[in-house]
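One structure is given below, encoded as structure tokens.
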Amino acid sequence: MRMSKMFGKTLRNDPAEAELASHRLMMRAGMIYQASAGVYSYMPLALRSLRKIEQIIREEMDAAGGQEVQMSALQPLEFWVESGRSAAMGSELFRLHDRRDRPLVLAPTHEELLTYMVKANVHSYRDLPLIVYQIQTKFRDEPRPRGGLIRVREFDMKDAYSFDVDQDGLDVSYDAMAQAYRNIFSRCGLDTIEVEADSGAIGGKDSTEFILVADAGEDTVVICQTGHYAANAEKAVFAKPQQDAEPLLPVEEAHTPGIKTIEELCEYLEAPASKTLKAVFYMTGGELVFVVIRGDLEVNEVKLSNVLGGAPDLRLATHEEVAAHGLTAGSASPIGVEGIRIVADDSIDMGSNFLAGANRPDYHFRNTNHHRDFEADIVDDIALAQPGDACAKCGMKLIMRRGIEVGHIFKLGTRYSDVLQAQYPDENGEPHLILMGCYGIGVGRLLGAAIEQNHDERGMVLPSTIAPYDVSLVALNMQNDSVAESAQALYDELRAAGIEVLFDDRNESAGVKFNDADLIGLPVRLVVSTRNIREGVVEAKARASDDAETVAARDVIDKVRAMLAS
RNA sequence: CGGGGUGUAGCGCAGCGGGAGCGCGCCUGCUUUGGGAGCAGGAGGUCGCCGGUUCAAUCCCGGCCACCCCGACCA
């Protein structure tokens, strides 16, 4: 490609709107054009990278036995009502009506439609297992798109879906997909970690996220220093500090004037936070939920939502809502509370004789104990892991990192086959529900994440496998006939050798060309100049390196190939 | 949806009750060519939209919209 003709110009100023490096650099390089919040068009440079990423994905999916399809993005709302996800996805689902006023959606993902397609085409256990995948545009009306391609409303995604006769088969498909994912990210030049994850609105049980560690990431992951355990903070478990059991003591009331927080209580009564019970109030679907957790821990709202069976619109209750139920925020405890669901973290059973609110202002109880003094309706792990907590597996300290979720794989089980009645007959003609898995990669997000992980102060430093071209061919002084001729000859020669070249044939100064080459960040830069021609050489430099070297003109192809391979 | 911020030329920004500007980019010509060149000339704007105040509004007031950031939410 001749840069003088390329659609997409570089900018000399950073666009003010872009904060993330990947967003800023893609804007500056003229790779993307924003139409609306979280809606981007891809210019040629970005599209070439995306096509390369797609091709890598396609090869690995095919190698794992996948068959590619393309499904309709426009779907009847009916599919989503039947699966129950119209309600579950709420306003995240783009909805529209056709001219006959029939309700439609722009598909945010394709489990429902593909399940119907499988019902129509899988008639026997002999047709299973089956892995089907698609690479296409999906739509989600995100509450807050951000970060360029990192979080968008219209996006390209690879989704694969597996269909198996039983759990063992699902496990095999899931493991095959996990390995394909490792291959894909590795081939794209990305360092990812695998973490246990919450499955959210997709549903299902086991799920693993592939996270690219980056400060700009939206997700927080919890990692054991040993490397044996890693999980999304939404899901992460940890070893809660144990306390020796004590003989149960009688409840006593303590005067605690003006004391409202755990911190104040601990100071006033000279007790550790782990000897207190904290009351936190949430609202979900109009119901107030009383949450109790040991004072040294915090509530994990995703875990809380899950133990409540998927609490819609879960949020902290306001002081007014708490007061309306006759409770006293700041000195509340579950003792004597009736008619309100009480959800407890299992930490309240780790220890005894806790300090807790007395349900009237300025008083607390000493020596409260679960079962003896109150009974929780649900007891489960609803605690949030914090940096420095102990790993549940080995006891080593957990650390926290920010990361970008580039892939997520789920064991859906019968979540969709049950509600949509996708069955197969076994050898005896007996019907069984098909076991499903689904496996997603955000293609555009992967490009953004790749740039997030591979850039310096001058621009992108793209992995060779996903760079839009292999080589920046920089001709210094195109006005000079010998430079123009020899650059053109090298351009032709490189292309004939199957090397993809972005030829900077513009009539720009050396500085502009070098800076643009650094910005776009192709793996190899070749320089043709009068100086080099005089010596019969071409200068070659890897984008990732500070050092350039000169090579004889006849050795350039071999040199470029070697640099691309390294 | 809550909080904060910004809307003036392609990009970055200044301005201010009465002439719409600067830097970069763009066009023409000449010179220049190893890290964002020089000189000369030039093009480009419903100052986000609607309404109000005023003799007069880009500027003041009100409403709306859009975009960005934090949070909520979310694959």
Side-chain angles (χ1 to χ4, degrees), chain A residues 8-20 23-24 27-28 30 33-39 85 88-93 108-111 138-148 150-153 155 157-159 197-204 207-211 216 218-219 232 234 282-283 301-302 305 311-316 318 404-410 438-446 458-459 474-480 483-484 504 506-519 525 527-534 539 541 548 550:
Chain A
K9 298 295 180 205
T10 57
L11 296 174
R12 296 202 186 179
N13 296 323
D14 277 331
E17 301 279 75
E19 297 217 343
L20 286 195
H23 187 197
R24 178 169 49 81
M27 294 290 289
R28 270 196 71 172
Y33 182 87
Q34 181 174 13
S36 175
V39 181
R85 284 210 295 179
M89 299 201 77
S91 52
E92 198 173 317
L93 196 58
T109 174
H110 288 75
E111 282 83 8
K138 308 207 173 192
F139 301 86
R140 294 183 197 173
D141 197 357
E142 287 293 328
R144 187 150 96 80
R146 68 188 112 181
I150 299 298
R151 182 166 214 86
V152 288
R153 299 192 294 168
F155 58 103
M157 187 165 176
K158 186 283 301 179
D159 253 331
D198 183 75
S199 54
I202 294 282
S207 89
T208 300
E209 286 175 340
F210 290 76
I211 298 275
E218 302 180 289
D219 288 282
N232 193 302
E234 296 175 349
Y282 284 88
M283 293 297 294
E301 295 184 6
V302 173
S305 173
D313 301 322
L314 185 72
R315 61 171 173 81
L316 281 171
T318 63
I404 301 169
E405 176 191 348
V406 289
H408 198 162
I409 62 178
F410 304 79
C438 79
Y439 315 90
I441 292 179
V443 178
R445 177 183 281 184
L446 194 157
R458 307 183 72 79
V474 177
L476 296 183
N477 192 0
M478 283 295 288
Q479 304 279 7
N480 181 296
V483 170
D504 193 346
R506 298 173 302 169
N507 196 14
E508 292 285 355
S509 69
V512 170
K513 294 189 173 193
F514 287 142
N515 278 296
D516 278 349
D518 288 343
L519 171 63
R525 187 188 76 189
V527 177
V528 173
S529 68
T530 50
R531 195 173 81 188
N532 291 338
I533 290 170
R534 211 177 304 127
E539 178 192 294
K541 177 184 164 302
T550 53

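FYI, side chains are in, hydrogens and waters are out, and symmetry mates aren't considered; it's all heavy atoms of this structure.
A:Arg525 has its side chain within reach of A:Asp518: a pair of non-hydrogen atoms, C-beta onward, lies under 4.5 Å apart.
Across all strands, A:Arg525 comes closer than 4.0 Å to base atoms (heavy-atom distances). Nucleic acid contact class of A:Gly147 (heavy atoms, under 4.0 Å, all strands): sugar-phosphate only. Among the atoms of the strands shown, base atoms are found under 4.0 Å from some heavy atom of A:Pro143. Residue contacts shown for A:Gln34 are limited to sugar-phosphate atoms, with no base heavy atom under 4.0 Å away. No engagement by A:Val39 is indicated, since no non-hydrogen atom pair under 4.0 Å with the nucleic acid exists. When heavy atoms are screened at a 4.0 angstrom cut-off, A:Ser36 is found touching the sugar-phosphate backbone but no base atom. A:Glu405 comes within 4.0 angstrom of the backbone, heavy atoms only, and of no base. Within the nucleic acid shown, A:Glu19 comes within 4.0 Å of sugar-phosphate atoms alone, with no base atom in reach, counting heavy atoms only. Using a 4.0 Å heavy-atom criterion, one finds that A:Asp518 contacts the bases of the nucleic acid, with or without backbone contacts as well.
Rounded to an integer number of Å, the gap from A:Asn13 CG to B:G12 C1' is 4 Å. Distance CD (A:Glu218) to P (B:C69): 10 Å, rounded to an integer number of Å. Taking atom OH on A:Tyr33 and atom P on B:C11, their separation rounds to 8 Å, with Å as the unit. Between the NZ atom of A:Lys513 and the P atom of B:G34 there is a distance of 11 Å, given to the nearest Å. A straight line from CG of A:Asp504 to P of B:G34 spans 14 Å, rounded to a whole angstrom. In this structure, CZ of A:Arg144 is placed 15 Å from P of B:G3, rounded to the nearest angstrom. Rounded to an integer number of Å, the gap from CG of A:Asn515 to P of B:A37 is 9 Å. Here B:C11 presents its C1' atom at 15 Å from NZ of A:Lys9, a figure rounded to the nearest Å.
Remark: the separation of the C1' atoms in B:C24 and B:A9 is 12 Å, to the nearest Å. Nucleotides B:G48 and B:C11, compared at atom P, are 14 Å apart to the nearest Å. Taking atom C1' on both nucleotides, B:G45 is separated from B:G21 by 11 Å, rounded to a whole Å. Straight-line distance between the P atoms of B:C60 and B:G5: roughly 16 Å, to the nearest whole Å.
A:Arg12 has no side-chain polar atom (N or O) that falls below the 4.0 Å cut-off from OP1 or OP2 of B:C11. Residue A:Arg28 has no polar side-chain atom (N or O) positioned under 4.0 Å from OP1 or OP2 of B:C11. Checking the phosphate oxygens (OP1, OP2) of B:U33, no side-chain nitrogen or oxygen of A:Ser509 falls inside 4.0 Å.
A donor N or O paired with an acceptor N or O is found under 3.5 Å between the base of B:G34 and the side-chain atoms of A:Glu539. The base of B:G36 is paired with the side chain of A:Asp516 by a donor and an acceptor separated by under 3.5 Å.
In this structure, of B:C11, B:G34, B:A75, it is B:C11 that holds the atom nearest to the side chain of A:Leu11. In the set B:C73, B:U33, B:A75, B:U33 carries the atom at the smallest distance from any side-chain atom of A:Gln479. For A:Glu17, counting side-chain heavy atoms from C-beta on, the closest listed nucleotide (B:G71, B:G34, B:C68) is B:C68. Closest contact between the side chain of A:Arg531 and the listed nucleotides B:G71, B:G34, B:C13 involves B:G34. When each of B:C67, B:G34, B:U33 is scored by its nearest atom to the side-chain atoms of A:Ala37, the top-ranked nucleotide is B:C67.
Between the A:Lys513 side chain and the A:Asn477 main chain, no donor and acceptor come within less than 3.5 Å of each other. Using a distance-only test at 3.5 Å, with no hydrogens or angles considered, a donor-acceptor pair links the side chain of A:Arg28 to the main chain of A:Leu11. Looking at A:Asn532, its side chain never comes within 3.5 Å of a backbone N or O of A:Val528 through a donor-acceptor pair. Under a 3.5 Å cut-off, the side chain of A:Thr208 and the backbone N or O of A:Ile409 do not form any donor-acceptor pair.
For A:Thr10 and A:Asp516, the side-chain atoms include at least one donor-acceptor pair closer than 3.5 Å. A:Arg153 and A:Ser36 form a side-chain donor-acceptor contact under 3.5 Å, judged by distance and modelled atom types alone.
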